[in-house]
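Heads up, the thing below is written out as structure tokens.
Just so we're clear, the structure is a prediction, and the values are computed from it rather than from any experiment.
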Amino acid sequence: MNLETAQAMERKLLLQTYERNPLLFVSGHDVYLTDENGVDYLDLLSGIGVSALGYGHPAVTAAIETQSRRLLHTSNLFFHEHTAELAMRLTEISGLDRVFFCNSGTEAWEAALKLARAHAELLRTEGKNIGTRFLALEHSFHGRTMGSVATTHKYKYREPFAPVMPGVDFVAFNNVEDLRAKFSDEICAICIEPIQGEGGIHPVSQEFFAAARELCDSTGALLLADEIQCGFGRTGRWFGYQHFNIQPDITTIAKPLAGGIPMGAMLATEEASRAFTPGMHGTTFGGGPLACAVAIAIVDTIQSEGLLTHVTETGNYFQHELRTLASRHDAITEVRGLGLMIGIEIESTGLATRIAAAMLDRHIILNRTSDTVLRFLPPYVLTREHVNIAIRTLDEIFTGMTSLAGTKPAGEHANG
Ligand SMILES: *Cc1c(COP(=O)(O)O)cnc(C)c1O
């Protein structure tokens with residue numbers, strides 16, 4: 001199947017939910033994706049923050065190979081060898097007590113919303129006065145299912161599906177006053193992405209996060225940290241909230257958790273966890289042997305290869321180089337991020353779109369989010385040499401902006 005055939009057939013056969021780039025990838029190695037013509041693309045997006053160890057990492061392929069021969073699926077009616085082992089690792093790195101496994105980010109977030117509602121109900125049976133409403137943040141993104149879209153701020157993701165789950169109010173980003181004004185004993189949980197991803201790589205402020213923690217503590221409401229994009233090592237710590245020294249009651253992870261095998265998880269405190277009893281929540285596929293075996297391999301590789309330190313160092317270098325670039329090009333108005341979760345603010349949407357396209361023409365993958373932000377979510381195994389290629393190419397593109405229309409692919413950049 002080549003690109004032209006895929007395009008023609010998908011146009012007829014698929015719901016038109018995506019505007020794909022006209023590229024068909026057939027394989028990957030290290031931090032490169034290879035298209036049908038054998039051309040390598042430097043991947044600074046890792047499939048939206050998923051392929052944390054890049055492509056073809058021996059630890060991942062070995063785990064898949066071994067487990068695929070042994071056992072793929074059991075359902076949650078039975079035990080298998082890997083659930084407890086992975087849960088042990090996840091509770092250790094998060095400081096939370098218990099884990100619920102699922103298959104994607106939005107499912108993990110749904111589990112978090114359901115647990116928060118169930119926990120508030122439990123508190124009410126114990127005589128506490130606590131409501132059922134949620135506070136979420138402006139520019140938030142929590143996924144595509146009905147509960148997740150209800151807590152997602154962007155109009156286009158939520159309103160076409162109205163009525164979505166009722167009971168959500170949005171707080172102005174990092175506005176402590178607004179948070180305090182909207183908080184009351186009606187609220188069962190506050191929803192926060194410690195570093196907003198889809199919304200444009202915006203970290204919450206220390207003050208805001210601390211205020212949310214304090215408000216929740218004052219009523220028994222839960223603090224929910226959505227770490228699906230910023231968690232699991234992306235920022236150089238296991239979890240984004242660890243940069244703030246604030247412990248949530250519930251957190252959700254997914255994207256890089258099993259390195260490309262679909263998997264999500266919700267982690268919760270003992271206190272929150274007691275609200276779920278057998279039968280209240282579940283999944284057919286979630287936490288299966290294959291996904292768990294791969295996730296264990298990924299946690300262990302991040303630890304054994306010292307990748308958290310590597311992410312911090314490479315991320316700092318990348319951001320430093322981007323700031324230098326910004327000092328040379330007025331079109332870059334801000335550089336933001338933590339570790340290898342980085343966004344650069346571009347002066348206009350049109351320009352950001354053109355730069356992303358010009359990078360792709362030069363065989364480098366990144367994307368535009370939140371209109372004016374170019375987003376980098378590269379594999380954790382990215383090196384300074386890869387960063388240098390990206391910076392050099394961006395510099396050429398920004399310099400040659402006026403003649404972008406004539407940009408031709410520059411093959412020498414692909415393999416660095
Ligand atoms: C991607 C993302 C989700 C949704 O995850 P899916 O696996 O696409 O369902 C939820 N929250 C955040 C912060 C995300 O980045």
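Across Glu227 and Ile253, no two heavy atoms sit closer than the pair O-CG2, 4.0 Å. Heavy-atom minimum distance, Ala108 versus Thr252: O-CG2, 3.3 Å. Considering every non-hydrogen atom in both Ala120 and Ile130, the closest pair reads O-CG2, 3.6 Å. The heavy-atom pair separating Ala225 from Trp109 by the smallest distance is C-CZ3, 4.3 Å. Shortest non-hydrogen contact noted between Leu24 and Ala6 is CD1-CB, 3.9 Å. Contact between Ser46 and Pro379 at its shortest, heavy atoms only, is OG-N, 3.7 Å.
Heavy-atom neighbours of Arg124 CZ from other residues, nucleotides or ligands within 6.0 Å: above the threshold of 12. The number of heavy-atom neighbours closer than 6.0 Å to CD of Glu207, taken from other residues, nucleotides and ligands shown, is 12 or below. The environment of CD in Gln16 is crowded: more than 12 heavy-atom neighbours from other residues, nucleotides or ligands sit within 6.0 Å. Heavy-atom neighbours of His320 NE2 from other residues, nucleotides or ligands within 6.0 Å: at or below the threshold of 12. Open room surrounds CZ on Phe285; 12 or fewer heavy atoms of other groups in view lie less than 6.0 Å from it.
At least one donor-acceptor pair under 3.5 Å links the side chain of Lys182 to the backbone N or O of Phe170. With hydrogens and angles disregarded, a donor-acceptor distance shorter than 3.5 Å links the side chain of His310 to the backbone of Leu382. Side-chain atoms of Arg234 never come within 3.5 Å of backbone atoms of Gly339 as a donor-acceptor pair (strictly under, hydrogens ignored). Using modelled atom types, no side-chain atom of Thr283 and backbone atom of Cys102 make a donor-acceptor pair closer than 3.5 Å. Put simply, the side chain of Glu305 never gets that close to the backbone of Gln303: no donor and acceptor are under 3.5 Å apart. Remark: side-chain polar atoms of Asn21 are not paired, donor with acceptor, to backbone N or O of Leu23 under 3.5 angstrom. With Asp249 contributing its side chain and Leu223 its backbone, the two residues share a donor-acceptor pair below 3.5 Å. Judged purely by atom type and a 3.5 angstrom limit, Asn76 uses its side chain to pair as donor or acceptor with the backbone of Gly286. The main-chain N or O of Ser273 is never found under 3.5 Å from a side-chain atom of Arg98 such that the two would form a donor-acceptor pair. Here the side chain of Arg368 pairs a donor or acceptor atom with the backbone of Asp371 at under 3.5 angstrom.
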Test log, rule side-chain contact (heavy atoms from CB on, under 4.5 Å), inputs Asp217 and Arg213: CA-CA 6 Å; Asp217 289 340; Arg213 180 67 274 176; 2.9 Å; yes
For a salt bridge (charged side-chain N to carboxylate O under 4.0 Å, His left out) check, start with the C-alpha distance between Glu159 and Lys156, then their side-chain angles and the critical distance, and finish with the verdict. CA-CA 6 Å; Glu159 282 309 316; Lys156 140 176 128 171; over 6 Å; no
Going through the distances and angles, do Met1 and Val26 end up as a side-chain contact (heavy atoms from CB on, under 4.5 Å)? CA-CA 10 Å; Met1 173 85 51; Val26 294; over 6 Å; no
Check step by step if side-chain contact (heavy atoms from CB on, under 4.5 Å) holds for Val60 and Tyr55. CA-CA 9 Å; Val60 176; Tyr55 301 96; over 6 Å; no
Please assess Thr235 against His243 for the test side chain to side chain donor-acceptor pair (under 3.5 Å), listing each intermediate value before the final yes or no. CA-CA 9 Å; Thr235 65; His243 290 275; 2.8 Å; yes
Step by step, would you call Val299 with Trp238 a side-chain contact (heavy atoms from CB on, under 4.5 Å)? CA-CA 10 Å; Val299 177; Trp238 279 112; 4.0 Å; yes
Evaluate Asn2 against Thr5 for side chain to side chain donor-acceptor pair (under 3.5 Å), listing each step before the verdict. CA-CA 6 Å; Asn2 64 13; Thr5 316; 2.5 Å; yes
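With sequence neighbours left out, Glu10 forms a side chain to side chain donor-acceptor pair (under 3.5 Å) with Arg20.
You'll find the side chain of His363 stays beyond 4.5 Å of the side chain of Thr393, heavy atoms only. Using a 4.5 Å heavy-atom threshold, the side chains of Leu338 and Cys230 count as separate. Between Ile192 and Tyr241, every side-chain heavy-atom pair lies at or beyond the 4.5 Å cut-off. You'll find the side chain of Val373 reaches within 4.5 Å of the side chain of Arg336, heavy atoms only. A 4.5 Å side-chain heavy-atom check between Leu96 and Gln247 finds at least one atom pair inside the cut-off. Met263 places a side-chain heavy atom less than 4.5 Å from the side chain of Cys292. Annotation: side chain of Leu224 is in contact with side chain of Leu113 (closest heavy-atom distance under 4.5 Å). Residues His142 and Glu193 meet the side-chain proximity criterion, which asks for heavy atoms closer than 4.5 Å.
With rounding to the nearest 0.5 angstrom, the OG1 atom of Thr314 is 12.0 Å from the CD atom of Glu321. In this structure, CG in Leu45 is found 4.5 Å from CG in Asn367, a value given to the nearest 0.5 Å. In this structure, CG in Leu90 is found 5.0 Å from CZ in Phe101, a value given to the nearest 0.5 Å. Rounding to the nearest 0.5 Å gives a distance of 9.0 Å between CG of Leu377 and CG of Leu340. Glu110 CD to Ser148 OG: the interatomic distance, rounded to the nearest 0.5 Å, is 4.0 Å. A distance of 9.0 Å separates CD in Gln196 from CE in Met341, rounded to the nearest 0.5 Å.
Aromatic ring centres of His29 and Tyr32 lie closer together than 6.0 Å.
Ion pair Arg69/Glu65 flagged as a salt bridge, since at least one NZ, NE, NH1 or NH2 atom sits closer than 4.0 Å to an Asp/Glu carboxylate oxygen. The pair Glu214-Arg180 counts as a salt bridge, with a side-chain nitrogen and a carboxylate oxygen less than 4.0 angstrom apart. Checked for salt-bridge contact, Arg89 and Glu85 meet the test: a charged N lies under 4.0 Å from a carboxylate O.
Under the 3.5 Å distance criterion, with hydrogens and angles disregarded, no donor-acceptor pair is assigned to the side chains of Thr333 and Glu345. Gln7 and Arg11 share no donor-acceptor pair across their side chains, judged by distance under 3.5 Å alone.
A cation-pi arrangement is present between Arg144 and Tyr157, with the terminal nitrogen or guanidinium carbon under 6.0 Å from the aromatic centre and inside a 45° cone about the axis.
Across Val294, Val50, Asn103, a single residue satisfies side chain to side chain contact (heavy atoms under 4.5 Å, CB included) together with Ile261, and that is Val294. Considering Phe239, Phe209, Phe208 in turn, Phe209 is the only one that fulfils the ring pair (Phe, Tyr, Trp, His ring centres under 6.0 Å) rule with Phe244.
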Tabulate below the donor-acceptor pairs under 3.5 Å that side-chain atoms of residues 134-141 make, not counting sequence neighbours, or state none.
residue	atom	partner	partner atom	Å
Ser140	OG	Leu137	O	2.8
Ser140	OG	Thr151	O	2.9
Ser140	OG	His153	N	3.2

